[in-house]
There are 2 protein chains.
Amino acid sequence: MEQINGHEITYQYETEDKVLLAVDCIIFGFDQEDLKILLIKRGFEPEMGKWSLVGGFLKKEETLEAAATRILNLYTGLDNIYMEQVDTFSEVDRDPVERTISTAYYALIDIKEHSKNLIQQFSANWFSVSKAPHLIFDHDKMIQHALRRLRNRAATEPIGFDLLPEKFTMRQLQKLYEAIWDTKFDKRNFVNKINSLNIIDKLDEKDMTTSRKGSYLYQFNAEKSKTQDIRPFGLKI
Amino acid sequence: MEQINGHEITYQYETEDKVLLAVDCIIFGFDQEDLKILLIKRGFEPEMGKWSLVGGFLKKEETLEAAATRILNLYTGLDNIYMEQVDTFSEVDRDPVERTISTAYYALIDIKEHSKNLIQQFSANWFSVSKAPHLIFDHDKMIQHALRRLRNRAATEPIGFDLLPEKFTMRQLQKLYEAIWDTKFDKRNFVNKINSLNIIDKLDEKDMTTSRKGSYLYQFNAEKSKTQDIRPFGLKI
DNA sequence: ATATTTCGTGTATTATCAACACTAAGGCTG
DNA sequence: CAGCCTTAGTGTTGATAATACACGAAATAT
């Protein structure tokens with residue numbers, strides 16, 4: 001009850017059920033070969049010791065986005081990371097202890113940038129998406145949804161660069177997209193396509209670590225990218 | 001606390017905050033001209049009397065999907081309707097009374113099929129998406145997200161038919177897609193495109209209500225549609 | 001009979017996608 | 001230092017899909 005202008009008004013809210021709301025993060029990284037996800041050995045009951053997504057409970061005074069950001073930072077030490085809400089999972093018995101609804105977010109990070117200490121501290125590990133162990137609760141399903149969302153998003157917006165270092169080679173970029181969609185592109189077609197999008201700049205520097213000849217480094221250009229519609233990467237297997 | 005194998009285990013759950021979880025439904029319909037949404041004059045505080053999406057609170061023993069279905073049925077009398085989760089909205093002060101997180105779903109219904117009685121009973125009304133009044137809380141934002149999702153989905157899956165009667169004319173179908181994307185298609189190109197998808201059957205019947213000549217009726221063929229990849233409707237303005 | 005309205009259809013042009021193979025650079029090795 | 005080896009870098013052609021575009025047919029109303 002509450003008083004407004006001298007009238008008593010009753011909110012229906014008081015009689016409604018409250019639930020626990022959690023956030024789980026699918027943290028994607030890329031190691032030059034495979035698309036990977038960061039998993040932890042769960043440190044508390046239930047299902048202690050089993051592999052799990054990183055997650056946590058929503059606090060009263062934060063948004064889901066803030067919670068996802070907080071959790072990501074807790075486990076990787078990173079800030080300012082691209083994240084996107086995937087879906088909210090609400091099967092009644094998805095958590096055996098108590099009714100818990102969970103909203104999944106995925107994050108794209110440069111795999112070299114996260115804190116190695118934290119990884120150790122939480123018994124965390126990177127797994128290739130295709131070789132990840134079975135996870136607790138409905139986390140496997142969350143990954144499938146996140147992957148689907150990532151694939152759709154990456155096809156129409158230039159988010160892949162978040163998974164690479166600031167400077168990257170054309171070959172790295174190609175391997176990344178091949179990993180995201182589990183496919184192969186023709187090298188020449190890929191270069192032509194990317195260049196036609198006009199969203200990355202070729203630098204004068206070369207990366208000498210993977211070949212004697214060296215390969216040019218590129219850099220994502222957010223300005224250029226803003227001014228144009230990114231069209232799908234439609235390239236054949 | 002709980003006993004398992006004689007050991008006491010503590011779940012962290014007990015100390016976590018619980019919140020109210022609501023579901024709001026963006027109910028889309030199509031009236032041969034405009035894409036419309038069903039709104040109600042809110043019958044309780046806060047914001048009583050203002051326009052709002054239809055919604056309700058999640059109950060302890062139901063999933064979000066079940067809640068969305070229940071709410072849709074409550075306001076339209078309809079069952080077995082295409083629905084899709086859009087996003088979960090969690091701004092801390094989105095509801096002024098109490099912290100409430102809300103998951104939005106959109107539904108596609110044949111606008112002629114819903115219960116007129118219920119509409120009256122709830123002081124509900126159909127509004128063109130482009131002419132809808134300002135809504136309470138973050139409901140305007142929910143509609144924008146739903147619309148975006150609908151546009152993406154309709155571009156790659158044959159869900160538009162849920163907005164039409166079972167039998168429809170090619171012209172109706174075209175107007176529907178024009179309404180969804182707020183664009184115009186060339187009549188000949190549209191027909192060619194739809195026919196190439198091979199997912200609707202031409203009937204022998206004609207609809208005589210809109211022209212002297214009459215126009216052929218078509219019917220969605222779910223079987224055919226299942227056996228092929230639906231490709232985007234890529235047609236120019 | 002003729003006027004009016006909406007229906008229904010095909011082709012030529014352009015843009016995008018897909019297939020395809022060789023030379024260049026530079027360090028390494030004998 | 002000559003040849004070797006590995007990865008980088010690049011262009012053209014044919015196939016497919018998207019777009020632009022206009023007129024006759026049917027049926028009712030006058």
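By convention in this document, chain letters (A, B, ...) are assigned in the order of the sequence lines, proteins followed by strands, and residues within each chain are numbered from 1.
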Mind checking A/Lys187 for me? I need base, sugar-phosphate or nothing, with any heavy atom below 4.0 Å counting as a touch. base
Need the bend value for the helix from C/dA1-D/dT30 to C/dG30-D/dC1: angle between end axes, 5 pairs each end, nearest 10°. 10°
Which nucleotide sits closest to the side chain of B/Lys202: D/dC21, C/dC17, C/dT9? C/dT9
Atom pairs, protein N/O to nucleotides 26-30 of chain C N/O, distance under 3.5 Å:
none

Against the side chain of B/Ser211, the closest entry in D/dA18, C/dC17, C/dC7 is C/dC7
Which of C/dG10, D/dA18, D/dA8 is nearest the side chain of B/Asn192? It is C/dG10
Looking only at side-chain N and O atoms, does A/Thr88 offer a donor or acceptor that is under 3.5 Å from a partner on B/Thr88? yes
Whole angstroms only, please: what is the NZ-P distance between A/Lys193 and D/dT10? 19 Å
Residues pairing under salt bridge (Lys or Arg N to Asp or Glu O under 4.0 Å) where one sits in residues 79-88 of chain A, two or more places apart or in two chains, turn out to be A/Glu84-A/Arg149, A/Glu84-A/Arg153
Categorize A/Thr210 for me: base, sugar-phosphate, or nothing, with a 4.0 angstrom heavy-atom threshold over every strand shown. sugar-phosphate
Using whole Å, report how far CG of A/Leu197 lies from C1' of C/dT16. 12 Å
Salt bridge between A/Asp186 and A/Arg188, side-chain N to carboxylate O under 4.0 Å? yes
Between A/Leu217 (CG) and D/dA8 (P), how many Å, whole number? 12 Å
In whole angstrom, what separates B/Asp186's CG from D/dC23's C1'? 14 Å
In whole Å, what is the span from the CG atom of A/Asp207 to the P atom of D/dA8? 9 Å
Sequence neighbours excluded, every pair satisfying salt bridge (Lys or Arg N to Asp or Glu O under 4.0 Å) that has a member inside residues 62-71 of chain B: B/Glu62-B/Arg70
B/Tyr216 has an atom OH; how far is it from atom C1' of D/dA25, in whole Å? 11 Å
My understanding is that only residues two or more places apart in sequence, or in another chain, count here; which of them pass ring-ring contact (aromatic ring centres under 6.0 Å, His included) with A/Tyr105? none
Holding to ring-ring contact (aromatic ring centres under 6.0 Å, His included), I want the full list of residues that pass it with A/Phe220, two or more places apart in sequence or in another chain. A/Phe161
I need the full list of salt bridge (Lys or Arg N to Asp or Glu O under 4.0 Å) pairs touching residues 214-224 of chain B, with sequence neighbours left out, sorted by first then second residue. B/Asp201-B/Lys224, B/Glu223-B/Lys226
ring-ring contact (aromatic ring centres under 6.0 Å, His included) with B/Phe89: which residues, sequence neighbours excluded? B/His145
Quick one: which residue pairs count as a salt bridge (Lys or Arg N to Asp or Glu O under 4.0 Å) with a foot in residues 119-135 of chain A, not counting sequence neighbours? none
Which one, C/dA21, D/dA18, C/dG10, comes nearest to the side chain of A/Arg188? C/dA21
Of B/Arg171 and B/Asn189, the one whose closest DNA chain C nucleotide lies more 5': B/Arg171
